[in-house]
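To keep things clear, I will list the structure first and then write my remarks on it.
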Amino acid sequence: MRKLPDSLVRLLIVIAGLASVVLCIRFLVLPRSLTDMELHKQSAVERELEKPIQFAGSGICQECHEDEPATLAAGYHSTLSCETCHGPAQAHIDDFEYKPKAPRQRDFCPVCHMYDPSRPTGFPQINPIAHNPLLPCIECHDPHDPVPPETPRSCEACHAEIARMKAVSHHVQLECKVCHEATNEHMLHPRAEKPTKPANREFCGSCHAEDSDTVATPHIDLKTHGGRYLCWQCHYPHFPEAS
Ligand code: HEC
Ligand code: HEC
Ligand code: HEC
Ligand code: HEC
Ligand code: HEC
Ligand code: HEC
Ligand code: HEC
Ligand code: HEC
């Protein structure tokens, strides 16, 4: 019989060595739970069951809390689970001394609501830098029923400069509505419906004419004062000055 070449013998020895190492590990070192598939599945289940439970699940909170689950279910956040915001709460149910965290800080809500072009169209998104900065979100939005508050309805909210000016003028006591009739529609859609503006000299004369019955109001002769010009061609009505 022809003798095998030495190089091949050496290769076979190496292969036999590797094979015996693999077999040793397989049958002598590895525990049975890793080599026997049935046993493997069973021990994985046992191992997972031994881990402490962290999340209590969405159904259990309402056993003790009535208001929040009812409010949540009826509002925009109905698809959110309590523990999405309050964190794992099983420890709380085991012992009330442990309080789940409540995310009151401003940086929490933008996790879902910060503008991100990959979010579906129509999903309510804001730019946290520009959207009412510095205040916590829950100052204006109820986390369990986050209805967006109505847009501001006061004249000052949109006409801040005029309001600030009037506040330090002789007309500080006069409400905007003394001189402008503004409908609710103007507050909602400012450009669709505009408030009225005083139209003539007689309007200002109702307080400032000599025959007007106002007290402590400087009076002028409506016929001659300022000629035929409109009063606000010389006096800015939101900051009237006499000189
Ligand atoms: C077995 C009754 C029970 C269950 C179930 C329960 N809670 Fe509570 N929880 C309480 C009680 C009682 C308090 C009030 C403790 C206090 O005021 O000292 C409380 C308080 C809270 C608070 C307020 C903590 C604070 O700082 O004031 C939060 C938030 C809360 N629970 C969330 C949850 C969530 C989320 C679940 C469901 C995963 C849940 N709870 C399930 C009984 C329960
Ligand atoms: C979108 C996030 C969010 C979800 C979802 C949410 N919460 Fe809250 N929860 C908050 C925040 C924020 C506060 C703190 C409110 C505050 O301080 O005014 C809070 C406060 C609470 C409180 C304390 C109320 C108080 O007067 O101190 C309880 C109890 C509570 N949540 C229970 C629940 C339960 C039960 C659910 C599920 C049905 C739930 N929450 C779902 C964010 C959430
Ligand atoms: C886990 C994601 C998630 C978190 C965290 C979250 N929200 Fe929401 N929010 C939603 C979803 C989902 C809706 C409903 C969107 C819809 O109806 O299309 C929603 C709706 C809203 C709306 C209604 C906007 C509108 O007019 O449609 C407001 C306001 C809001 N959330 C504020 C908050 C505030 C404040 C917080 C923090 C306390 C918060 N959200 C935390 C997911 C989240
Ligand atoms: C000073 C009050 C105030 C604060 C603070 C505030 N919001 Fe708002 N938010 C409003 C008002 C008013 C609206 C409705 C008008 C508008 O869209 O600006 C609104 C609208 C929203 C909407 C609906 C936008 C849409 O396109 O439908 C979301 C979402 C929202 N806010 C989330 C937040 C989050 C998140 C925070 C904290 C980072 C926050 N808000 C802080 C007053 C506030
Ligand atoms: C939501 C924002 C908003 C509120 C609230 C608001 N306004 Fe305006 N208002 C505007 C805008 C924007 C214009 C400018 C419209 C234009 O130039 O097309 C305007 C225009 C006006 C004008 C000028 C009309 C014209 O013909 O030139 C007057 C006067 C006025 N507002 C008075 C008021 C008074 C008074 C109130 C309170 C009762 C008020 N506004 C509340 C946004 C608002
Ligand atoms: C004493 C009467 C008077 C009061 C009070 C008054 N206005 Fe006017 N307002 C006028 C007159 C008159 C004009 C027209 C000025 C013009 O055409 O040059 C005017 C014009 C305006 C305009 C048009 C833009 C401008 O600056 O000319 C706005 C907006 C306005 N007023 C808002 C307000 C608001 C908001 C308040 C309350 C903070 C207010 N006004 C209070 C008399 C008044
Ligand atoms: C509802 C009454 C009322 C109406 C209408 C009114 N004013 Fe006046 N006005 C006053 C009062 C009150 C004062 C004085 C306040 C004080 O004592 O400082 C005053 C002061 C003034 C002054 C004097 C400022 C100074 O330096 O002494 C001028 C100018 C003036 N108004 C112009 C106008 C013009 C222009 C209009 C029309 C657009 C107008 N007023 C409409 C009540 C009114
Ligand atoms: C051509 C510019 C001009 C017009 C138009 C004008 N005024 Fe004057 N007004 C002045 C000047 C200048 C003064 C200060 C000197 C003075 O008292 O005559 C003044 C002063 C006043 C004073 C203060 C009087 C006092 O005794 O302190 C009132 C009030 C006043 N004007 C109201 C009005 C009213 C109301 C109208 C419209 C009917 C009007 N003005 C139109 C220029 C004008």
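Order of appearance sets the numbers: ligands from 1, and atoms from 1 within every ligand.
Distance check: His219 NE2 to His208 NE2 gives 8.0 Å after rounding to the nearest 0.5 Å.
Atom 8 (Fe) of ligand 4 has an N, O or S atom of His131 closer than 2.8 Å. When distances to atom 8 (Fe) of ligand 8 are checked against a cut-off of 2.8 Å, Cys234 contributes no N, O or S atom below that limit. When distances to atom 8 (Fe) of ligand 8 are checked against a cut-off of 2.8 Å, Cys231 contributes no N, O or S atom below that limit.
For Thr217, the heavy-atom gap to ligand 8 stays at 4.0 angstrom or more. Within the 4.0 Å heavy-atom cutoff, Gln233 does not count among the residues contacting ligand 8. Contact between Val178 and ligand 6 is absent, with no heavy atom of the residue lying under 4.0 Å from the ligand. At least one heavy atom of Glu175 sits closer than 4.0 Å to an atom of ligand 6.
The closest non-hydrogen atom to atom 17 (O) of ligand 6, taken over Phe203, Tyr236, Trp232, comes from Trp232. For atom 5 (C) of ligand 8, the candidate residues are Pro198, Gly205, Gly226; the nearest heavy-atom contact is made by Gly226. Proximity annotation for atom 7 (N) of ligand 8: of His225, Glu202, Arg228, His225 comes nearest, heavy atoms only. In the candidate list Ile162, Leu174, Leu230, Ile162 is nearest to atom 32 (C) of ligand 6, counting heavy atoms. Closest heavy-atom approach to atom 31 (N) of ligand 8 among the candidates Glu241, His208, Lys223, His235: His235.
Heavy-atom minimum distance, Pro110 versus Arg119: O-NH1, 4.5 Å.
Here Cys137 has heavy atoms under 4.0 Å from ligand 4 in both its backbone and its side chain.
Residue Tyr229 has no N or O atom closer than 3.5 Å to an N or O atom of ligand 8. An N or O contact shorter than 3.5 Å is missing between Arg201 and ligand 8 by distance. The shortest N/O to N/O separation between Arg106 and ligand 4 does not fall below 3.5 Å. On a distance-only criterion, Glu139 and ligand 4 share no N/O pair closer than 3.5 Å. Annotation: His141 places an N or O atom under 3.5 Å from an N or O atom of ligand 4; distance criterion only.
Angle subtended at atom 8 (Fe) of ligand 6 by His238 NE2 and His180 NE2: 180°, rounded to 10 degrees.
Protein heavy atom closest to atom 42 (C) of ligand 6, with residue, atom name and distance, is Pro237 CB, 3.5 Å.
Between Glu161 and Arg164 there is no salt bridge, since no side-chain nitrogen of the basic residue lies less than 4.0 Å from a carboxylate oxygen of the acidic one.
Atoms of ligand 6 lying under 4.0 Å from any heavy atom of His171, numbered from 1 in the order shown and given with element: 1 (C). For ligand 4 and Cys140, the ligand atoms under 4.0 Å from any heavy atom of the residue are 1 (C), 2 (C), 3 (C), 4 (C), 5 (C), 42 (C), 43 (C). Counting atoms of ligand 8 from 1 in the listed order, those under 4.0 Å from a heavy atom of Leu222 are 38 (C). Of all the atoms in ligand 8, the ones that sit under 4.0 Å from a non-hydrogen atom of Cys204 are 35 (C). Near Leu135, with a cut-off below 4.0 Å to any heavy atom, the atoms of ligand 4 are 1 (C), 5 (C). The ligand atoms of ligand 8 that sit less than 4.0 angstrom from a heavy atom of Pro218 are 25 (C), 27 (O), 29 (C). Counting the atoms of ligand 6 from 1 in the order shown, those under 4.0 Å from a heavy atom of His159 are 29 (C), 35 (C). Those atoms of ligand 4 with a heavy atom of Pro136 less than 4.0 angstrom away are 5 (C). Near Cys109, meaning under 4.0 Å from any of its heavy atoms, are these atoms of ligand 4: 35 (C).
Side-chain atoms of His186 and Pro195, non-hydrogen and from C-beta on, do get closer than 4.5 Å to each other.
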Problem - Test log, rule salt bridge (Lys or Arg N to Asp or Glu O under 4.0 Å), inputs Arg47 and Glu50 - result: CA-CA 5 Å; Arg47 191 181 62 240; Glu50 272 168 23; over 6 Å; no
